[in-house]
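Both ligands and their constituent atoms are indexed starting at 1 by order of listing. The first residue of the sequence shown is numbered 1, and numbering continues consecutively from there. It should be emphasised that the depicted structure is a prediction, and the values quoted were computed from it without experimental measurement.
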Amino acid sequence: MSAEGYESRIIDGKALAQLVEEEVRSGVEELESSRGVTPGLATILVGDDPASKMYVRLKHKACERVGIKAEDYLLPAEASQEDLLALIEGLNKNKDVHSILLQLPLPKHFSPQEAMEAIAPAKDADGFHPYNMGKLMIGDEGLVPCTPKGVIRALEEYGVELKGKNAVVVGHSNVVGKPMAAMFLNRNATVSVCHVFTDDLKKYTLEADILVVAAGVKHLIKADMVKEGVVIFDVGITKEADGVYGDVDFENVIKKASLITPVPGGVGPMTIAMLMKHVLMCAEKSL
Ligand code: NAD
């Protein structure tokens, strides 16, 4: 990735994540001294998918950095949906567990939606529960999906105004695209959501003042698809033998963007930092 001469346009996701983690760390200390409560996160991992294991490990490391007590709950791949639901039910009732994270994807014979809905909304660290998603839709943002929340925080930190701006989201997943669009609408941006069936993607991306790309397609967005001065968040991750790639042709697109996230080191660290914020929020609200 070469961005020589354009370094000032790169959004430093790691530095932003550090800032957020510092806020969480002082919140944790405050909660411990005022109420004697240490925030606790229970992570559930089903099976032994290496990528999922790595993601859980990264989340546990972040917990260590900010003083959150993380507990690992492992189920074998051949466990049943009932086993998983029973585990979640137990964690819902456990007062020391303030928040629960179910690492996705689950092995094929599980129903992830049913499992996510079994998590108590007040302990929903990822913000995926339909209750929390519904609140997001009506502008009441509490526990919301962490990736779009990180994008919003970065926009605030870099002083990017959203009101009246054209925000274009590429990808309409429940975890990134849809909640991202809702957060932009909540801030009075004019929002377009594009996806794999969008006819003439470029027509939309060229209009973007703020562009969030979460398709998982390496270098989907080329320089001729964006306008000068655009602010870009590249959420996509494509792993290849020689490295990790985003959805944006970074080297060329940076020449037109006013701000852009790199891959890696952009959106990823912010996502985990926002998860830490959620765990603290859950603990603060617990009785
Ligand atoms: P998904 O895989 O569930 O859905 C992909 C979305 O992209 C769909 O809406 C699809 O219609 C759209 N899409 C696919 N091909 C397209 C194309 N050619 N043109 C336009 N739209 C297209 O999405 P997801 O779970 O939101 O993940 C998207 C990417 O973001 C993945 O690479 C994932 O690994 C990554 N991701 C990164 C983070 C992070 O923290 N950095 C978090 C979540 C997801």
Check your understanding: Would Gln103 and Lys53 count as having a side-chain donor-acceptor pair, cut-off 3.5 Å?
Key -> no

**Study point:** Close side-chain approach of Asp249 to Ile221, heavy-atom, < 4.5 Å
**Key:** no

Point to revise | Hphob cluster co-occupancy, Leu74 + Leu102, side-chain heavy atoms under 4.5 angstrom | key: no

Exercise for review: Examine distances only and state if a side-chain atom of Asn132 and a backbone atom of Gly142 form a donor-acceptor pair shorter than 3.5 Å.
Suggested key: no

When you pair each N or O of ligand 1 with protein N or O atoms, which pairs come out under 3.5 Å?
{"unit_1": "ligand 1", "atom_1": "9 (O)", "unit_2": "His172", "atom_2": "N", "d": "2.6"}
{"unit_1": "ligand 1", "atom_1": "9 (O)", "unit_2": "His172", "atom_2": "ND1", "d": "2.6"}
{"unit_1": "ligand 1", "atom_1": "11 (O)", "unit_2": "Val196", "atom_2": "N", "d": "2.9"}
{"unit_1": "ligand 1", "atom_1": "21 (N)", "unit_2": "Val196", "atom_2": "N", "d": "3.3"}
{"unit_1": "ligand 1", "atom_1": "26 (O)", "unit_2": "Ser173", "atom_2": "OG", "d": "2.6"}
{"unit_1": "ligand 1", "atom_1": "32 (O)", "unit_2": "Ile237", "atom_2": "N", "d": "2.9"}
{"unit_1": "ligand 1", "atom_1": "32 (O)", "unit_2": "Ile237", "atom_2": "O", "d": "3.2"}
{"unit_1": "ligand 1", "atom_1": "40 (O)", "unit_2": "Thr271", "atom_2": "OG1", "d": "3.1"}

Check your understanding: Taking NZ, NE, NH1 and NH2 as the nitrogens, is one of them in Arg153 or Glu23 under 4.0 Å from a carboxylate oxygen of the other?
Key -> yes

Point to revise | Flag, side chain of Lys178 to backbone of Val175, donor-acceptor distance under 3.5 Å | key: no

